[in-house]
Trainee: 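What follows is a structure written as structure tokens; I'll ask about it next.
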Protein chains: 2
Amino acid sequence: MTEALLDIAEVAGRSGLAPSALRFYEKKGLIAPAGRNGLRRTYRPDVLDRLALISCARTAGFTVAEIGRFLVATPGDTDLRARMAVKARELEEDIARLTRMRDGLRHAAACAHETLVECPDFKRAFAAPAQPVPR
Amino acid sequence: MTEALLDIAEVAGRSGLAPSALRFYEKKGLIAPAGRNGLRRTYRPDVLDRLALISCARTAGFTVAEIGRFLVATPGDTDLRARMAVKARELEEDIARLTRMRDGLRHAAACAHETLVECPDFKRAFAAPAQPVPR
DNA sequence: CCTTGACTTGAATCGCGCTTCAAGTCGCAG
DNA sequence: CTGCGACTTGAAGCGCGATTCAAGTCAAGG
């Protein structure tokens with residue numbers, strides 16, 4: 001356990017993130033090094049969990065700022081809990097959209113219309129509820 | 001049917017996109033006006049379907065360039081079909097990630113740990129298979 | 001001690017997807 | 001014909017999420 005701390009390069013390697021990204025996240029308050037070895041940042045291993053979470057949230061469409069807010073959440077922060085619930089609902093919609101898109105793509109990879117746009121099945125997948133605008 | 005064509009403002013209104021976005025998409029080859037009325041672009045009504053598709057694809061994470069490529073796809077373009085299949089598989093993963101994220105958020109909105117990061121249930125939701133790196 | 005080479009910093013740059021802006025052009029009502 | 005106002009253009013700007021760069025600093029090894 002004398003080697004408990006990870007060098008930034010180590011963290012970069014294991015997390016799959018660039019060192020520059022780690023510094024970027026630090027500047028944004030998402031992570032913090034445990035200390036330094038000379039100038040070199042060193043991290044506690046559990047930063048890897050945090051980074052996994054961050055990556056996941058990023059690819060789920062959260063902005064870095066949002067993630068930062070979530071990461072400092074305490075149980076008393078009902079405001080933030082509400083925001084989380086909202087986000088969960090938004091994710092629901094995103095999932096539905098992605099699912100439609102996936103099905104559309106699957107069909108598109110198989111159907112035989114001149115161009116995608118002419119495939120009625122494909123189009124049907126995107127009766128997007130963007131702006132109903134009846135008239 | 002003498003009024004078959006839509007003015008750009010009309011299209012913007014019905015599609016929920018800004019006129020500037022329409023011009024932007026045109027520059028990128030995603031859409032084309034049917035003609036002009038003076039300087040004013042006019043569109044065939046079916047451009048709305050196309051725009052719905054585009055919006056959907058955008059929110060599904062496709063870049064404008066990708067969408068452009070998909071839109072000109074012909075049945076013979078096996079390359080592109082392959083790419084679509086790949087995209088469909090990627091979407092699958094995205095959906096899985098979003099689902100995990102949603103579940104994590106739902107839990108987070110309810111659980112009672114000091115900070116999110118300390119909630120083992122929450123963390124468990126993100127055993128991200130980013131970089132396994134066994135040793 | 002002096003080199004090596006991986007890190008450090010802040011600032012600049014990039015790619016994407018638009019939006020905004022200044023300046024110009026048109027159709028149409030009066 | 002005149003003026004209004006909604007459009008046109010190309011170019012510049014913006015927000016985000018990083019990456020890249022130049023210049024500096026450090027620990028360890030020869």
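All of these numbers come straight from a predicted model, not from anything done at the bench. All chains are named by letter (A, B, ...) in the order of the sequence lines, taking the proteins before the strands, and each is independently numbered beginning at 1.
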Trainee: How close or far is atom P of C:dC18 from atom CD of B:E26, stated in whole angstroms?
Mentor: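 Distance check: B:E26 CD to C:dC18 P gives 15 Å.
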
Trainee: Rounded to the nearest Å, what distance is computed from the CG atom of residue B:L17 to the C1' atom of nucleotide C:dT19?
Mentor: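 After rounding, the reported distance stands at 13 Å.
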
Trainee: Could you tell me whether the side chain of A:T42 and the main chain of A:G35 form a donor-acceptor pair under 3.5 Å?
Mentor: yes

Trainee: Ion pair present between A:R40 and A:E10, side-chain N to carboxylate O less than 4.0 angstrom?
Mentor: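 No, A:R40 and A:E10 are not salt-bridged.
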
Trainee: Taking CG from B:D7 and P from C:dC26, how many angstroms apart are they, rounded to a whole number?
Mentor: 16 Å

Trainee: Summarise protein proximity over nucleotides 11-30 of chain D in one line of letters, 5' to 3': B for base, S for sugar-phosphate only, - for none, counting protein heavy atoms closer than 4.0 Å.
Mentor: ------SBBB----SS----

Trainee: Charged N to carboxylate O under 4.0 angstrom, A:K87 versus A:E90?
Mentor: yes

Trainee: Would B:R100 and B:D103 pass as an ion pair if we require N to O under 4.0 Å?
Mentor: no

Trainee: In whole angstrom, what separates B:R41's CZ from C:dT25's C1'?
Mentor: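 After rounding, the reported distance stands at 13 Å.
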
Trainee: So, applying side-chain contact (heavy atoms from CB on, under 4.5 Å) with B:L105, which one of A:R89, A:M84, A:R81 is it?
Mentor: A:M84

Trainee: Expressed in angstrom and rounded to an integer, what is the separation of A:Y43 atom OH from C:dT8 atom C1'?
Mentor: 11 Å

Trainee: For the backbone of A:L30 and the side chain of A:R50, can you confirm whether one donor and one acceptor N or O come within less than 3.5 Å of each other?
Mentor: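 Answer holds: yes.
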
